[in-house]
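Keep in mind that what you see is a predicted model, and the values were worked out from it rather than measured. Letters A, B, ... are given to chains in the order of the sequence lines, protein chains preceding strands, and every chain is numbered from 1.
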2 protein chains.
Amino acid sequence: MNKEAIAENLRAHTLKVTPQRLKIVESLNTYGHLNIDMLYREVKESHPNVSLATVYKNLAIMTQNGLLEEVKISGHKSVFEVKKAPHIHLHCSRCGKIEDIEIDLSYVKAEAEKRSGYIVSGSEAVMVGVCPECRHNR
Amino acid sequence: MNKEAIAENLRAHTLKVTPQRLKIVESLNTYGHLNIDMLYREVKESHPNVSLATVYKNLAIMTQNGLLEEVKISGHKSVFEVKKAPHIHLHCSRCGKIEDIEIDLSYVKAEAEKRSGYIVSGSEAVMVGVCPECRHNR
DNA sequence: TATTTAAGGATAAAGTTTATCGTTTACTGG
DNA sequence: CCAGTAAACGATAAACTTTATCCTTAAATA
Ligand SMILES: [Mn+2]
Ligand SMILES: [Mn+2]
Ligand SMILES: [Zn+2]
Ligand SMILES: [Zn+2]
């Protein structure tokens, strides 16, 4: 995804297009899921005197506006990602890697609604385990 | 669940039985899911000069030892609960309530393993929505 | 009941997040 | 383009959260 497409996405969410924001979204496009410290380091590479507060403020507003999503991972700092089609997460407990996988949870949702009386509007799921690479390297 | 059963549970996890720990587990038995502030307030009621550090230390050690579990809820502080059979969570976005529901995720797990090559050892899932009470009261 | 050691309380230190405020920059409309 | 406006930025203080330290207290053991 190129800069102009990212800028489009920012404008679509009524956010001004700034170099810092472009870099945040670019980094997320490249790496998938990053926490605040990783993002701060990323942005600093191209904008050495960016303020940490800027990264905080941008993650907050971009998450509120639905451009980004926060993913809470047990035992780690939250990571952020660009919002995309619903999916669940795989978390490798060895190397810490986080992967997306599209598995349909509508059965779980339907079952939860039926048995609880809730009306469910969203869901988050994380499966924890060991990735193939970590398994092979001992 | 009575005090002696809780004490048993603590001993089973090689933890000394202290009044502060009893109160923490009692409160969790009563209310289900509580965050650190709620637990601090709870323990203070019966032990007015408990230190916040004691609550932190106990939640950490009891979670490490597998007596408690931490549940990360989007947009809120983590809540803790007494470890029990695997289950998923329902979170009401109106009143904040958190409920347990036992829904089998083995299909999701199997599918994730098959398609990713991971070996999955655990999972966490939260369904967000509106509970029946909140729905009825407008 | 004495001994040992984990746990508690008080509080300092460290770490994280948010608020403030003056300056800069992106956008708008002429 | 350019000027005006509001949003965003950087710097930094303040607030808030969590962990570490250290001395005292109390639970377990025999
Ligand atoms: Mn993802
Ligand atoms: Mn639960
Ligand atoms: Zn791995
Ligand atoms: Zn509700």
Side-chain angles (χ1 to χ4, degrees), chain A residues 3-27 34-65 67-68 70-80, chain B residues 3-27 34-65 67-68 70-80:
Chain A
K3 271 205 168 79
E4 188 44 44
I6 297 172
E8 243 3 285
N9 197 11
L10 283 166
R11 282 189 279 263
H13 290 85
T14 65
L15 293 166
K16 285 190 179 177
V17 178
T18 69
Q20 296 86 348
R21 286 174 179 171
L22 284 173
K23 188 60 192 286
I24 288 173
V25 179
E26 262 180 68
S27 303
L34 297 175
N35 70 27
I36 184 112
D37 306 308
M38 298 160 170
L39 283 166
Y40 182 44
R41 257 179 270 133
E42 278 292 312
V43 180
K44 264 214 285 221
E45 284 192 12
S46 40
H47 305 88
N49 46 6
V50 66
S51 168
L52 178 57
T54 296
V55 182
Y56 269 103
K57 284 184 280 195
N58 277 322
L59 291 180
I61 197 171
M62 289 161 106
T63 301
Q64 279 167 21
N65 291 13
L67 195 152
L68 302 185
E70 182 178 358
V71 181
K72 295 209 164 195
I73 296 289
S74 182
H76 295 267
K77 292 186 91 166
S78 288
V79 295
F80 292 82
Chain B
K3 271 204 167 79
E4 187 45 42
I6 297 173
E8 241 6 284
N9 197 11
L10 284 166
R11 283 190 279 264
H13 289 85
T14 65
L15 294 166
K16 285 191 180 177
V17 178
T18 69
Q20 296 85 347
R21 286 175 179 170
L22 284 173
K23 188 60 192 286
I24 288 172
V25 179
E26 262 181 67
S27 304
L34 298 175
N35 69 28
I36 183 112
D37 306 308
M38 297 160 171
L39 283 166
Y40 182 44
R41 256 179 270 134
E42 278 294 312
V43 180
K44 264 213 288 219
E45 283 191 11
S46 40
H47 306 88
N49 45 7
V50 66
S51 167
L52 178 57
T54 295
V55 183
Y56 270 102
K57 284 184 279 195
N58 277 320
L59 292 180
I61 197 172
M62 289 161 106
T63 301
Q64 279 166 21
N65 291 13
L67 196 152
L68 302 185
E70 181 177 359
V71 181
K72 295 209 163 195
I73 296 289
S74 182
H76 295 266
K77 292 186 93 166
S78 289
V79 295
F80 292 83

Strand contacts (DNA chain C) in residues 38-51 of chain B, 4.0 angstrom heavy-atom criterion:
B/Asn49, B/Val50, B/Ser51
With a 4.0 Å cut-off (strictly under) to non-hydrogen atoms of chain B, the first and last hit nts on DNA chain D, 5' to 3', are D/dT17 to D/dA28
May I have all residue pairs that pass salt bridge (charged side-chain N to carboxylate O under 4.0 Å, His left out) and include part of residues 38-47 of chain A, sequence neighbours excluded?
none
CG of A/Leu52 to CG of A/Asp37, rounded to nearest 0.5 Å, is 7.5 Å
Got A/Leu10 and A/Leu22 here, is their nearest side-chain heavy-atom distance under 4.5 Å?
yes
Separation between CG of A/Leu59 and CZ of A/Phe80, rounded to the nearest 0.5 Å
4.5 Å
Could you list the residues that satisfy side-chain contact (heavy atoms from CB on, under 4.5 Å) with B/Ala60, not counting sequence neighbours?
none
Looking at residues at least two apart in the chain, or sitting in another chain, which of them share a side-chain hydrogen bond (donor to acceptor under 3.5 Å, both in side chains) with B/Ser78?
B/Glu70
Can you sort out which residues in residues 4-17 of chain B have a heavy atom within less than 4.0 Å of DNA chain D? Ascending by number, please.
B/Lys16, B/Val17
Here the pair of heavy atoms bringing B/Ala7 nearest to B/Val17 is O-CG2, 3.7 Å
By the salt bridge (charged side-chain N to carboxylate O under 4.0 Å, His left out) test, which pairs, at least two apart or in different chains, include something from residues 5-24 of chain A?
A/Glu4-A/Arg11, A/Glu8-A/Arg11
For A/Gly75 and B/Lys72, the nearest pair of non-hydrogen atoms, with its separation, is N-CE, 4.1 Å
A/Ala12 meets the side-chain contact (heavy atoms from CB on, under 4.5 Å) criterion, sequence neighbours left out, with none
NA contact type, B/Ala53, heavy-atom cut-off 4.0 Å: base, sugar-phosphate, or nothing?
base
Set of residues satisfying side-chain contact (heavy atoms from CB on, under 4.5 Å) with respect to A/Lys57, sequence neighbours excluded
A/Ala53
With sugar-phosphate meaning primed atoms plus P, OP1 and OP2, does B/Lys57 contact a base, only sugar-phosphate, or nothing at under 4.0 Å between heavy atoms?
base
Of all nucleotides in DNA chain C that come within under 4.0 Å of a heavy atom of chain B, which is furthest toward the 5' end and which toward the 3' end?
C/dT5 to C/dT11
Which heavy atom of B/Tyr40 sits nearest to which heavy atom of B/Val55, and what is that distance?
CD1-CG2, 4.0 Å
Nearest-nucleotide check on DNA chain C, A/Thr18 vs A/Tyr56; residue mapping nearer the 5' end is A/Tyr56
The bend of the helix from C/dT1-D/dA30 to C/dG30-D/dC1, taken between the axes of its five terminal pairs at each end and rounded to 10°, is 60°
Least distance between heavy atoms, A/Leu39 atom then A/Ile24 atom:
CD2-O, 4.0 Å
What pairs with A/His13 under side-chain hydrogen bond (donor to acceptor under 3.5 Å, both in side chains), at least two apart in sequence or on another chain?
A/Asn9
Can you check whether B/Asn58 reaches B/Val43 side chain to side chain, under 4.5 Å on heavy atoms?
no
